[in-house]
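The structure displayed is predicted, hence computed values, not measured ones.
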Amino acid sequence: MTQQAQAATSAAENAQDHVNSNRLQDAIAALAAFGGRDDGGVARETLTAIDLEARRHLITSARALGCEVEIDDCANLFFRRPGTTDLPPVLTGSHADTQPVGGKLDGAYGVLAGLEVIAALNDAGIQTQRAIEVVAWTNEEGSRFGPGAMGSSAFVDPSRLAAYREVKDADNITFGAAVDTALQAAADVKHRGLRQPIASCVELHIEQGPVLERANAALGVVTGIQSVRWYRVDCVGMAGHAGTTPMDERADAMKAAVALAQQLYTYAAAEAAHNLRLTLGRWQVGPNSVNTIPGNVEFTIDVRCVDAAVLERFEQFLTQTIAAHQWRGKTGFECFFSRPPTIFPQDMLSLIEKACVRAGSLAKRGEPQHLTSGAFHDAMYLAEYCPTAMIFVPSKGGISHNAAEETAPEDLYLGVQALAYTVVELANR
């Protein structure tokens with residue numbers, strides 16, 4: 001190992017050792033107060049009034065750490081700790097928006113973890129060659145405006161922003177109007193462009209699933225994000241009177257939809273060894289009357305797997321099954337969203353494993369677990385732009401998007417320790 005590499009490793013270890021668990025817990029509690037509920041959950045949908053208050057809190061916290069604060073055209077917030085060179089920065093962070101009723105950790109943990117890394121660097125008196133930026137992406141959740149991850153995807157590809165700005169929420173407010181309000185509220189913050197140079201990106205997140213907890217692992221090295229396809233299935237029959245139409249003369253759209261659903265679940269069970277995940281999530285029935293035979297049923301399919309070939313086989317099965325289905329009506333489908341798997345680069349994974357091993361060893365928590373993410377994250381889009389990877393910490397009971405979302409404080413602490421080591425190593429390359 002060269003003298004420069006030894007110095008970088010020493011700085012990474014020093015930063016890791018200066019992470020403060022109590023300060024982290026205080027920061028989590030302070031941010032959770034914005035939209036906090038009596039049941040322990042948080043209601044802070046993107047760009048609402050309470051979200052703008054939370055953003056101001058983050059701006060104030062970052063400035064107190066000596067960070068430069070910037071905002072871009074999608075209202076993404078960047079908190080920058082300068083480096084000793086003008087090389088492109090290392091990026092970390094996540095998002096601060098929640099589901100209509102979410103937890104205090106999903107997304108917020110990654111943002112606060114990045115600020116805690118900066119606080120640890122300040123405490124240790126460490127300077128890095130590259131600047132370190134902590135980002136709070138806009139609208140990762142997609143609960144108020146769809147799709148999700150608007151901020152990170154527009155950062156990577158600014159041409160997406162024009163279409164995003166036209167999207168409306170349930171109150172007929174456009175995303176563009178909400179962004180403009182956020183920009184006005186941050187008039188004291190320096191403006192920057194989208195798609196700025198980034199050397200590398202690391203996102204720390206709660207797992208939102210049960211794998212780490214079941215393995216009794218405190219830390220997870222995320223190897224990638226599953227591929228996904230969303231379908232809309234439409235069964236069109238004939239509405240009719242529930243009491244007068246004989247069963248053998250009906251074109252019952254619900255009967256056709258249920259039969260197809262049963263076949264899909266059976267197929268998914270047969271593909272369990274390939275980790276296929278199937279969800280029939282949204283159902284719409286017309287005319288949706290207690291005494292009328294359904295004339296139209298539409299439902300959605302969310303199917304995921306780290307192996308895109310498994311999803312291709314699923315689509316072939318769906319096509320063949322619908323074509324072979326015999327009934328009085330018609331059934332069709334369309335794929336309205338598709339993403340290939342995200343595979344994180346091996347050199348990033350090796351560095352993160354090194355960081356996790358040291359953090360786990362110091363706490364006597366053993367080896368990190370390697371796993372893939374079943375959920376979308378902003379890192380999915382950053383991986384198209386720069387070397388990117390993720391670190392997971394366990395979720396108790398695998399629960400997330402729920403007021404009961406929880407991770408043990410000691411696991412949250414180890415996650416930030418692993419992040420600090422990784423970010424400082426990257427910032428000194």
Rounded to the nearest 0.5 Å, how far does [atom2] of [Y] lie from [atom1] of [X]?
{"X": "Thr422", "Y": "Arg358", "atom1": "OG1", "atom2": "CZ", "result": "12.0 Å"}
{"X": "Trp137", "Y": "Met150", "atom1": "CH2", "atom2": "CE", "result": "15.0 Å"}
{"X": "Arg339", "Y": "Ser227", "atom1": "CZ", "atom2": "OG", "result": "10.5 Å"}
{"X": "Leu161", "Y": "Glu166", "atom1": "CG", "atom2": "CD", "result": "10.0 Å"}
{"X": "Arg130", "Y": "Arg81", "atom1": "CZ", "atom2": "CZ", "result": "15.5 Å"}
{"X": "Leu52", "Y": "Leu183", "atom1": "CG", "atom2": "CG", "result": "10.0 Å"}

Show the numbers, then the answer: is there a ring-ring contact (aromatic ring centres under 6.0 Å, His included) between His377 and Phe392? CA-CA 12 Å; His377 296 284; Phe392 275 172; 5.7 Å; yes
Given salt bridge (charged side-chain N to carboxylate O under 4.0 Å, His left out), test Lys396 with Glu213 step by step and report yes or no. CA-CA 7 Å; Lys396 289 188 176 180; Glu213 185 180 57; over 6 Å; no
Donor-acceptor contact below 3.5 Å, side chain Thr388 vs main chain Cys386: yes
Name all residues meeting the ring pair (Phe, Tyr, Trp, His ring centres under 6.0 Å) criterion together with Phe337; count only those two or more places apart in sequence or in a different chain, and write none if there are none. Trp230, Phe376
Within a 6.0 Å radius of atom [atom1] on [X], are there more than 12 heavy atoms belonging to other residues, nucleotides or ligands?
{"X": "Asp39", "atom1": "CG", "value": "yes"}
{"X": "Arg63", "atom1": "CZ", "value": "yes"}
{"X": "Asp188", "atom1": "CG", "value": "yes"}
{"X": "Arg277", "atom1": "CZ", "value": "no"}

SB check Lys190 Glu68 (cutoff 4.0 Å): no
Result for side-chain contact (heavy atoms from CB on, under 4.5 Å) between Ser373 and one of Thr223, Val211, Ile225 points to Ile225
Per side-chain contact (heavy atoms from CB on, under 4.5 Å), Asn139 is matched among Asp97, Val179, Asp51 by Asp97
For residues [X] and [Y], is any side-chain donor paired with an opposing acceptor at under 3.5 Å?
{"X": "His18", "Y": "Asn122", "value": "no"}
{"X": "Gln417", "Y": "Tyr413", "value": "yes"}
{"X": "Asp378", "Y": "Ser152", "value": "yes"}

Could you check if a side-chain atom of [X] sits within less than 4.5 angstrom of a side-chain atom of [Y], using non-hydrogen atoms only?
{"X": "Leu276", "Y": "Leu311", "result": "yes"}
{"X": "Tyr267", "Y": "Arg313", "result": "yes"}
{"X": "Val135", "Y": "Thr92", "result": "no"}
{"X": "Asn275", "Y": "Arg304", "result": "no"}

Below 30° counts as parallel, above 60° as perpendicular, anything between as tilted: where do the rings of Phe175 and Tyr164 land? perpendicular
For the residue pair His205 and Tyr109, is the inter-centroid distance of their aromatic rings smaller than 6.0 Å? no
Passes salt bridge (charged side-chain N to carboxylate O under 4.0 Å, His left out), Asp180 versus Arg165? Steps please. CA-CA 10 Å; Asp180 291 344; Arg165 287 183 60 87; 2.9 Å; yes
Start with the C-alpha gap between Glu45 and Arg144, add the side-chain angles, then the distance that decides, and say whether salt bridge (charged side-chain N to carboxylate O under 4.0 Å, His left out) holds. CA-CA 6 Å; Glu45 288 190 273; Arg144 182 184 176 195; over 6 Å; no
Would Lys104 and Glu406 count as a salt bridge (charged side-chain N to carboxylate O under 4.0 Å, His left out) here? Give the steps. CA-CA 8 Å; Lys104 63 183 178 181; Glu406 187 178 359; over 6 Å; no
